[in-house]
Structures are given as structure tokens and as C-alpha cells.
Amino acid sequence: MLIALAIATVGSVGVWSVVIVLPKVQAEFGGTRGVASLAYTLAMIGFGLGGVVTGRLTDRVGIIPAMATGVLSLLFGYLAAGVSKALWQFNMAHFLIGFGASATFAPLMAEASRWFVRRRGIAVGIAGSGFYLSGALWPPLINRGITHYGWQMTHIALGIFCGAAMTVLVLILRSSIGRTQQRGLSAEGRPGVDTHLSPNVLTVVLSIASFCCCMAMAIPQVHIVAYCGDLGYGVGRGAEMLSLMLAFGAVSRVGSGIIADRLGGLATLLIGSVAQASALTMYLFFDGLTPLYVVSALFGLFHGGIVSSYAIIVRETMPASEAATRVGTVIMVSLLGMSAGGWVSGVIFDMTGSYDAAFLNGIGWNTLNAAIVLLLLLRSRARAAFA
């Protein structure tokens, strides 16, 4: 599991690096903020589509070929970004970067769910926490690299480092997995929870639920820096709150896995959904500097385990042979929710001049998510534990 955590921490840099480099790239190429931001959009599109593609590859031929695809995509994406001569080239390179990073998230969580039965939740939680650890560790390193060596050399260095480090880690993972890659489906067991829904219908329902919760999740993650600037605390304070949020999110991923091993994925997701709604509500009542630090930490602690819970639910309710593909599909829709939630919140702020209505909108989407999960939980019945 430590190897999987290391792979996710290195590979997920593809999601966070563009946020740090954006102002420098915009200034150098002379583009608008909107055009420069397309790099993030394309990275997210690549991340979402890549999760489905590499998930399908994992289900068919195993996690190692999927990881190799991710390594090559990250390598060539960062090299292409580093030698870009125009903003459109830089933006297009981030589709490859996002695609490569995707292999270290949904497919890796789905594969981790196959390695354990009795401790499946914590295995998925550890694998998924690399995403947040990456967000906490990489930004200051990237910022220092840009300051001393420029954004071009920093991107080239990221490509070479990620390519080399992940190659070594994937080879170690391959050795650790050994013959378990050849296991039969019967050894993985059958689904242990019955929701009385077909896998396709359940995938659609979980996708809708993930869209709703991420519409709400996006508000603090995308706007906390701007929110702090509007309150007069400065964007630096907002950046610190975002880092704090992500650090506690990593803790939450592991903690939710422990809870899932005891209560199951659906119950864990419901707990996380209700807790996230409570943290969003706190933003309406507390806007002092110290309270915002506390609420942001609580938001990270409450919401961090939500996305990984979907991977656990898929593994508990659907055939193991389809797990990575279906987890990738649900994660792709959740990313659409993140993108839409960040944009809608900005639109609401422009219309009202305040984030209060945006937080209320998020609470509404969060409530819909909790209702869907509650209905699934009421429909489900546990089967006997399986080996």
C-alpha cells in the first residue's frame, strides 16, 4: 500500500502544477486569464476521460499496463508543456498531463480494493489519499522551481522526474503484486451488498450522486482563496487555508476507509455527505480569520473521504472485473461536478456580490446527494462476508 500511496502522490502532480504556473504563463504569452485557464480545464478533461480509459485497461489487462500508459502520458505532456512556444500548445499539453495523472487515482483505488477484503476500506483510503498529499506537497516545490529556474525548465524537470520515479515505483508494484495479477474472479469474491439495481443503473445513480456532492465540494476548494481576498485577509491566507484543507483531506481519506471497513461504503458516504453539508453551513456563520482556518480544516476532514467511498461502494456492489471502469466513470462525472460547481459559484457571486448564496446553493446540491445515498442505503441488504 505504501508503494500505491507513493505512486499517487507523485502522479497526481498533474492536477496541481497548472494552478501554480498559471500567472507566469499568462504573463509570458500575453493571453487572457480565461484562455490561460483552459490549461486547467483540459487537464481536468484529460483526468476524467483518462480515468475511464485506464480503468478499462486495468479491468482487461491489469494495473501495470494502465500505469505505464500514465507514466508515458505524464512524461510527454510535461516535456511538451516545457517547450511550448504558444499558449494553445501549453494548454493542449495539459490534456496529456491530466490523462497521465488519472491512472494514479480511480484505477489505483479500484485495484487496491482487490488486494484486500477485510481491510478494503483502509486500502482504498490510503491509495486515494495520495491525491491530497500531492496537493499539499507539490505546490511549494513547483513555486520554488519556477522562481529559480523558470516555468519551462520546471515543467521539463517534472516530466523527467515523474517519468523516472514512477517507472521505478511501478516496477516495484509489479514485483509486489506478483502472481496475484493472474488470480481468478472467483478468488475475488462476489458483490457483498445488493441494492436491487443493475450495475448499469447503479453506475448512473452513483454518477448523479457524485455530481451533486462535487457541485458542493467545489465551492471552498475553488473559491477559498478569492473569498479570503474579498474579506481583506489576502490571497496568501486563502492559499494557506487551501493547503490545510487538502492536508486534512488526506487524513480523512484514511479515516473514512477505517469507517467503511466497519459500516460499509454507503453508510460512510452518507456520513461524509452530512458532515460536508455541516461544514458548508459553518461558512455562512463564521468569516473571521481564525474561524475560517478552523472551518477549512473541518471541511477537509469532513469531505476528504467522500470520493474514495464511491470506489468502495462500486467494489461492494458490482463485479470485480468491472470495478476500475465503473469507478473511472463515476469519478469522471464527479469532476464535471467540480468544474460546474466552481463555475456556478463564480456566476452566483457575480450576480449577488456575495458567496452566501453560493454556499446555500452548495448545501442544496449536498442535500440531494445525501437523499440519493440514503435511498440506496435503505434499498441495500448485506450479504454474507466473502473471502
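These numbers come from a predicted model, not from an experiment.
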Partner set under side chain to side chain contact (heavy atoms under 4.5 Å, CB included) for [X], not counting sequence neighbours:
X    : value
S345 : I219, H223, A358
I172 : I3, V168, S176
A370 : L270, S273
T290 : none

Do other residues, nucleotides or ligands put more than 12 heavy atoms under 6.0 Å from M282 CE? yes
Quick one: which residue pairs count as a ring pair (Phe, Tyr, Trp, His ring centres under 6.0 Å) with a foot in [range], not counting sequence neighbours?
range            : answer
residues 315-338 : none
residues 289-321 : Y132-H303, F299-H303
residues 359-378 : F211-W365, Y227-F359, Y283-F359
residues 60-84   : Y78-H155

For Q152 and V83, what are the C-alpha separation, side-chain angles and deciding distance, and is it a side-chain contact (heavy atoms from CB on, under 4.5 Å)? CA-CA 7 Å; Q152 295 97 334; V83 299; over 6 Å; no
Can you check whether [X] reaches [Y] side chain to side chain, under 4.5 Å on heavy atoms?
X    : Y    : value
R60  : T325 : no
L169 : L173 : no
L292 : Y233 : yes
Q221 : M338 : yes
L289 : M241 : yes
W151 : E28  : yes
S334 : C213 : no
T195 : I313 : no

N/O donor-acceptor pair under 3.5 Å between [X] side chain and [Y] backbone:
X    : Y    : result
E316 : G265 : yes
S84  : A86  : no
Q89  : K85  : yes
S256 : R253 : yes
T58  : A66  : no
T69  : P65  : yes

Linked, directly or transitively: [X] and [Y] (ILVMFWY side chains, under 4.5 Å):
X    : Y    : value
L141 : I156 : no
F248 : L137 : no
V373 : L375 : no
L301 : V307 : yes
V295 : L246 : yes

Please report the C-alpha distance between S380 and L266 in whole Å, then the side-chain angles of each, then the deciding distance to 0.1 Å, and finally whether the side-chain contact (heavy atoms from CB on, under 4.5 Å) criterion is met. CA-CA 9 Å; S380 66; L266 282 169; 3.9 Å; yes
Audit row: L158, W138, side-chain contact (heavy atoms from CB on, under 4.5 Å) steps and yes/no: CA-CA 10 Å; L158 280 172; W138 276 111; 3.5 Å; yes
Can you list everything that forms a salt bridge (charged side-chain N to carboxylate O under 4.0 Å, His left out) with R237? Sequence neighbours excluded, please. E240
Quick check on the 6.0 Å ring-centre criterion: do F29 and W88 meet it? no
For the residue pair [X] and [Y], what are the closest heavy atoms and their distance?
X    : Y    : answer
P199 : M318 : O-CE, 3.8 Å
L197 : V201 : CD2-CG1, 4.0 Å
A216 : G362 : CB-O, 3.2 Å
G238 : C228 : CA-SG, 3.7 Å

Please collect all salt bridge (Lys or Arg N to Asp or Glu O under 4.0 Å) contacts where either partner lies in residues 290-301, sequence neighbours excluded, each pair once. none
Pairs satisfying salt bridge (Lys or Arg N to Asp or Glu O under 4.0 Å), at least one member in residues 326-347, at least two apart: E322-R326
Kindly list each side-chain donor-acceptor pair under 3.5 angstrom involving residues 95-103, sequence neighbours excluded, with atom names and distances?
unit_1: S102; atom_1: OG; unit_2: G50; atom_2: O; d: 3.4
unit_1: S102; atom_1: OG; unit_2: G51; atom_2: N; d: 3.4
unit_1: S102; atom_1: OG; unit_2: F99; atom_2: O; d: 2.5

Could you walk me through whether N366 and C212 pass the side-chain contact (heavy atoms from CB on, under 4.5 Å) test, one step at a time? CA-CA 6 Å; N366 207 140; C212 294; over 6 Å; no
